[in-house]
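We name chains A, B, ... by the order of the sequence lines, and we start the count at 1 in each one. As the structure is a prediction and not an experimental result, all values here were calculated from the model.
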Amino acid sequence: MERGIIPRKIKGFRDIDASLNELRQHIIRSASAVYRKYGFEHWDTPVLEYADALGKYMPDEDTVDQGVYNFRNPEEEPVAGTDGNELRDADAKAIMEHHALALRYDLTAPLARVYAERLWQDVKRKQIMETNAPLFRRFQYGPVYRYELKLMPGRFREFWQLDFDTVGTNDVAADAEACIILAEAMEAIGLNRGTYVVKVNNRKVLKGFLASIGVTGDQEEQGVLRVIDKLDKIGWSDVEAELGTGRTDSSGAAVPGMNLHAEAIGRIMRFLRSATGVSSRKSVLGELETAVAGNNLGMEGIAELKNMDALWAALGFDETRIIFDPTLMRGMAYYTGPVFEVESLLTFKDEKGKERKVGSICGGGRYDGLVEKLLGLKVPATGASIGVDRLAELLRMVDPAGVTAKGPVMIAFFDDDLQTQYYRIAAELRQAGIDVEVYCGFFKGFRKMNKQMAYADAKNCPAVILLGADEAAKGVATVKNLKLGKELALTTFDKKEWNAQVQKEVPLGNLVEYILGLPGMK
RNA sequence: CCCCCUGUAGCUCAGUUGGCUAGAGCGCCGGAUUGUGGUUCCGGAGGUCAGUGGUUCGAGCCCACUCGGGGGGACCA
């Protein structure tokens, strides 16, 4: 059989219709305005980057591994050495290569690249050092790409993030501010207070605690963090099992355990539970303080949290908006200090009527080691990211009616002789700031009136302007209010009467004024 | 990548112990209404029953494999 062309999308990628775009823009506009208010400037970066600049990904050969889309650059370019000079072979010829490229998997790694790229030369010249690394605050939104093996509803391979980050400070005031910004952004977007909560923890506290009970080494530490991260998914007893000998899940598959000593497991579980159900930030701090007493790193983490708490308290951000949660881990390994997450407290019923949580809609934290990997200079940074699509889904559930895109005012096409007039009226209305479309579907049969009306209806147009020979002779246009028509359809069943109520003849001279005066036109 | 479930019209689904030409609702198209979206009425189109092979006189239904979808798990910088 011959190979055919089937119109279709790549798995995990979506088409975004007018309504979803509307929602997306609403989220981006509202949150960006908050970011701007705090001094963040708007940047964009390419979706495609050199794979090695995106972090620790150095894909060997052509393998797509670890969830990243990568490609070979069609262009051959010289390979650089650690000093930035071209590598040369025995004959002094530059070594050329098709470099590995990757689609960005978040907006944080490109930020580190932007920052490092600007300073790289100066760092080499020792003009920039840890003590004078510049402060940089930017927000950025756009699509990111992950090669997810398993796609679940609400999980895509292309999705949008909306990030804001502060690079160049180790003051946790920046972290505290990030949490405040997240809370304000949620409310600007339209989430009511009490339907979300910003949860905050500090990796230093847990790391210090683990060190004090003898769990050391990156491998083991990461393992414990990963297990704890699953707490809200698998529950207390399964976490305990995975720290120990492992467990068998509901499908019968064996989940290997960490094989920690019973003593250590007991202390970890006690530590995690210590602050559960404790409502005030101050008492959580108290519980944690006794748990990590004597460990330097742990105490440092507590001090940072205290600092943040003081700022929030001074600005009136109490536990209705920001809480401490010692079980919060975040998956990313690069976080080094405070981590935060916004959880939606709303629930919804799935198709089977099962009550489900919306869960995490934003995440972030401090990553003091990320820039260092690219720049060789330790530059601390912190920031957070809003999951735009996750949030869009949430808003759709909260207010399904409020998320349809508004269409243009439509001018119906009756008569070829009046065509120029249609376009003149359209131009005049546009001048007044109104979105206008002159109907131009000219295929056979498609100029029929009911076709045109159905088109306007499907596009959610607020009004249709009807101007035929009759109207032209009188110097008027018939304006039909589709919005009103939709409402009256529920109570009026006679066609003639229905039409009479939603249509009005308007002198052409008053058209702009009349349209602007329609409800919802603004 | 592992385990379980599943695949019938654009969508949601019915289809008896294997038995004539595979059905419904919604949507779509046309008409009543040639100058009008809703409502109402009438008519119409639309299917390789996911694919391939097998069992059988006969398969949408049974078996095997492949592909797609859903759920759970592992992984997730």
Can you check the distance between [N] and [M], where both ends of the measurement are the [atom1] atom (answer in whole Å)?
| N | M | atom1 | answer |
| --- | --- | --- | --- |
| G30(B) | G51(B) | P | 31 Å |
| G44(B) | U48(B) | C1' | 23 Å |
| C76(B) | C13(B) | P | 35 Å |
| A14(B) | A50(B) | P | 14 Å |
| A9(B) | A45(B) | C1' | 11 Å |
| G60(B) | G23(B) | C1' | 12 Å |
| G27(B) | U12(B) | C1' | 11 Å |
| U40(B) | C26(B) | P | 9 Å |

Identify each atom pair where a protein N or O and an N or O of nucleotides 38-40 of chain B are less than 3.5 Å apart, giving names and distance.
| from | atom 1 | to | atom 2 | distance (Å) |
| --- | --- | --- | --- | --- |
| G38(B) | N2 | Ala489(A) | O | 3.2 |
| G38(B) | N2 | Thr492(A) | O | 2.2 |
| U39(B) | O2 | Phe493(A) | O | 3.4 |
| U39(B) | O4 | Lys495(A) | NZ | 3.0 |

Can you tell me the distance, in whole Å, between the [atom1] atom of [X] and the [atom2] atom of [N]?
| X | N | atom1 | atom2 | result |
| --- | --- | --- | --- | --- |
| Gln503(A) | G35(B) | CD | P | 14 Å |
| Gln452(A) | U36(B) | CD | P | 11 Å |
| Asn481(A) | U36(B) | CG | P | 19 Å |
| Lys480(A) | G37(B) | NZ | C1' | 7 Å |
| Tyr69(A) | A77(B) | OH | P | 18 Å |
| Arg330(A) | C76(B) | CZ | P | 15 Å |
| Asp470(A) | U36(B) | CG | P | 12 Å |
| Tyr105(A) | C75(B) | OH | C1' | 16 Å |

By ring pair (Phe, Tyr, Trp, His ring centres under 6.0 Å) - contacts of Tyr367(A) (at least two apart)
Tyr334(A)
Using a heavy-atom cut-off of under 4.0 Å over every strand shown, decide if [X] touches base, sugar-phosphate, or nothing.
| X | value |
| --- | --- |
| Lys230(A) | sugar-phosphate |
| Phe414(A) | base |
| Ala456(A) | nothing |

Any luck finding a side-chain donor-acceptor pair between Tyr455(A) and Lys459(A) under 3.5 Å?
yes
Quick test of your reading of the model: are [X] and [Y] salt-bridged, counting only N-O distances below 4.0 Å?
| X | Y | answer |
| --- | --- | --- |
| Lys199(A) | Glu343(A) | yes |
| Glu158(A) | Arg146(A) | no |
| Arg330(A) | Asp229(A) | no |
| Lys406(A) | Asp435(A) | no |
| Arg138(A) | Asp165(A) | yes |

Nearest of [options] to any side-chain atom of [X]?
| X | options | result |
| --- | --- | --- |
| Lys11(A) | G68(B), G37(B), A77(B) | G68(B) |
| Lys451(A) | G37(B), G30(B), A74(B) | G30(B) |
| Val502(A) | G35(B), G37(B), C76(B) | G37(B) |
| Glu242(A) | A74(B), A77(B), G35(B) | A74(B) |
| Thr478(A) | G69(B), G35(B), G37(B) | G35(B) |

Under 3.5 Å for both donor-acceptor distances, Watson-Crick or wobble: does [N] have a partner, and if so which one?
| N | result |
| --- | --- |
| A74(B) | none |
| G68(B) | U6(B) |
| G19(B) | C57(B) |
| A24(B) | U12(B) |

Using only side-chain N and O atoms of Arg226(A), determine if any of them is under 4.0 Å from OP1 or OP2 of C76(B).
yes
Short question: side chain of Glu341(A), backbone of Val198(A) - any donor-acceptor pair under 3.5 Å?
no
If you measure from CZ on Arg137(A) to CG on Leu111(A), what distance do you get to the nearest 0.5 Å?
12.5 Å
